[in-house]
Protein chains: 2
Amino acid sequence: MAQKNKLQFIILGLLNQQPLTGYDLTKAFDTEIGEFWQAQHSQIYPQLKRLEEQGYITHEITISGEKLEKKLYHITAIGQTLLGSWISDGTPDLTATKDEFILKLYFIQTNRDPRLKAMVQEQLQLHTDKLTHLQQRLATVFPTKASQTANYGHYLILQHALGREDYYVNWLNQTLAALPKR
Amino acid sequence: MAQKNKLQFIILGLLNQQPLTGYDLTKAFDTEIGEFWQAQHSQIYPQLKRLEEQGYITHEITISGEKLEKKLYHITAIGQTLLGSWISDGTPDLTATKDEFILKLYFIQTNRDPRLKAMVQEQLQLHTDKLTHLQQRLATVFPTKASQTANYGHYLILQHALGREDYYVNWLNQTLAALPKR
DNA sequence: CGGCGCATGTAAGTAGTTACATGATTTC
DNA sequence: GAAATCATGTAACTACTTACATGCGCCG
């Protein structure tokens with residue numbers, strides 16, 4: 001068995017909230033879910049086909065305008081069962097963070113390496129931008145206490161991502177400050 | 001062009017420190033570098049072949065015992081150039097963290113979901129264990145101030161991983177504490 | 001001399017990215 | 001009527017995982 005196919009569960013999870021087209025799902029990966037998972041439409045459409053063959057989803061065709069056909073996918077009862085068991089099953093495998101910057105750092109031998117400062121500064125800029133972006137998203141998507149409990153999981157992970165980014169920025173600042181002056 | 005092949009740079013980086021066999025490299029992914037990158041020998045051997053064809057590394061054959069041949073790989077001058085330019089080049093793409101637990105959380109609707117508590121507790125256990133492991137590794141590999149500056153990049157990333165794990169554990173504890181009592 | 005670790009490879013399959021391809025609808 | 005966006009698919013390729021396959025060396 002190769003790596004567990006997580007994309008199928010994401011699709012089931014999204015369809016469990018409301019029926020969507022392949023295009024809608026693709027967009028979801030650009031916005032909402034894009035913070036922590038990516039997929040292109042070329043991966044989504046074949047996956048939808050497979051899920052339907054296996055009976056986890058069905059589709060109905062709706063017509064937009066004159067003749068543009070849209071496939072609106074729905075989750076089935078056994079699809080909901082599969083989704084439920086994935087969520088309930090343990091998650092014993094911790095993710096390896098494949099961070100290219102961290103990888104490069106590993107090969108830096110001394111704190112006098114002339115490349116270090118610029119490298120850290122670049123990452124500081126990038127992660128500060130991301131932090132700002134996440135702060136704005138949290139404020140936009142969950143403006144009130146009530147909205148937080150309404151979609152609790154989504155709130156949790158956004159807030160988690162924000163905290164993680166905050167740590168990263170702080171660490172970069174500390175690392176930069178600790179570099180030798182000349 | 002598909003995703004940038006980072007494995008080749010890791011191999012070059014390791015060979016830049018000392019000549020190694022494919023087997024040695026494989027082991028490095030189980031220990032040292034395994035905190036933040038994984039690769040199996042089935043991926044490493046073909047990559048070594050390609051790097052040699054392209055002239056970035058060479059190998060010499062050494063005999064162990066009676067007739068067991070070992071290929072000891074060395075980095076070449078152009079291999080060092082390639083490694084250097086990879087490190088110097090910008091790293092503008094932030095890694096998406098594909099964390100399966102976080103993914104599952106996204107689909108939890110309310111903070112009264114009966115599965116939440118057990119899910120968070122399982123992760124708390126796993127991440128606490130990893131934190132402990134990282135603390136031990138940092139203490140083992142870098143026991144003195146002097147040892148930290150000797151292999152600065154390695155020290156930085158271990159210390160970064162430790163801080164990240166520490167944040168994760170704290171966040172899980174807070175999340176657990178914030179769950180409704182009944 | 002048996003078992004574990006050293007040592008190197010290939011094969012088959014899944015996951016994921018980039019590119020190719022087509023056409024309809026809406027908006028300006 | 002042009003451009004952006006909606007909408008769906010396939011093809012080709014790279015990355016990565018799991019399994020298959022083989023043989024030597026060392027230690028007890």
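Reminder, nothing fancy here: chain letters follow the sequence lines and each chain counts from 1.
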Should [X] be listed as having a side-chain N or O under 4.0 Å from OP1 or OP2 of [N]?
X	N	result
K71(B)	dG9(C)	yes
Y45(B)	dG9(C)	no
K49(A)	dT10(D)	yes
K98(B)	dA15(C)	no

Short side-chain to backbone donor-acceptor contact, [X] and [Y], under 3.5 Å:
X	Y	answer
K104(B)	D89(A)	yes
Y23(B)	K70(B)	no
N151(B)	H154(B)	no
Q38(A)	G34(A)	yes
T95(B)	K98(A)	yes

If each of P46(B) and L7(A) is mapped to the nucleotide of DNA chain C with the nearest heavy atom, which maps nearer the 5' terminus, i.e. the 5' end?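 Its nucleotide being nearer the 5' end, the pick is P46(B).
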Take Q38(A) and K70(B), find for each the nucleotide of DNA chain C with the closest heavy atom, and name the residue whose nucleotide sits nearer the 5' end.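 Result of the comparison: K70(B).
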Nearest whole angstrom, please: distance from the [atom2] of [N] to the [atom1] of [X].
X	N	atom1	atom2	answer
R50(A)	dG16(C)	CZ	P	10 Å
Q43(B)	dA19(D)	CD	C1'	15 Å
H59(A)	dT8(D)	NE2	P	10 Å

Take H41(B) and Q47(B), find for each the nucleotide of DNA chain D with the closest heavy atom, and name the residue whose nucleotide sits nearer the 5' end.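 This one resolves to Q47(B).
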For E60(B), is the CD atom crowded, meaning more than 12 foreign heavy atoms sit under 6.0 Å from it?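 Enclosed: over 12 neighbouring heavy atoms sit under 6.0 Å from CD of E60(B).
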Nearest to side-chain heavy atoms of [X], which nucleotide of [options]:
X	options	answer
L68(B)	dT8(D), dT18(D), dC24(D)	dC24(D)
S42(A)	dA15(C), dA19(C), dT25(C)	dA19(C)
E66(B)	dC16(D), dG25(D), dA15(C)	dG25(D)

With under 30° as parallel and over 60° as perpendicular, where do the rings of H59(A) and Y73(A) fit, or are they tilted in between?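 Plane angle between 30° and 60°, so tilted.
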Which residues within residues 21-34 of chain A lie with some heavy atom under 4.0 Å of an atom in DNA chain D?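 Here the set is T21(A), G22(A), Y23(A).
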Could you walk me through whether L14(B) and Y106(A) pass the side chain to side chain contact (heavy atoms under 4.5 Å, CB included) check? CA-CA 10 Å; L14(B) 290 170; Y106(A) 180 74; 4.0 Å; yes
Tell me if the centroids of the rings in F9(B) and F107(A) come within less than 6.0 Å of each other.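 No, the ring centres sit 6.0 Å or more apart.
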Between the first and last five pairs of the helix from dC1(C)-dG28(D) to dC28(C)-dG1(D), the angle of the axes, rounded to 10 degrees: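 The end axes of the helix from dC1(C)-dG28(D) to dC28(C)-dG1(D) are about 30° apart, to the nearest 10°.
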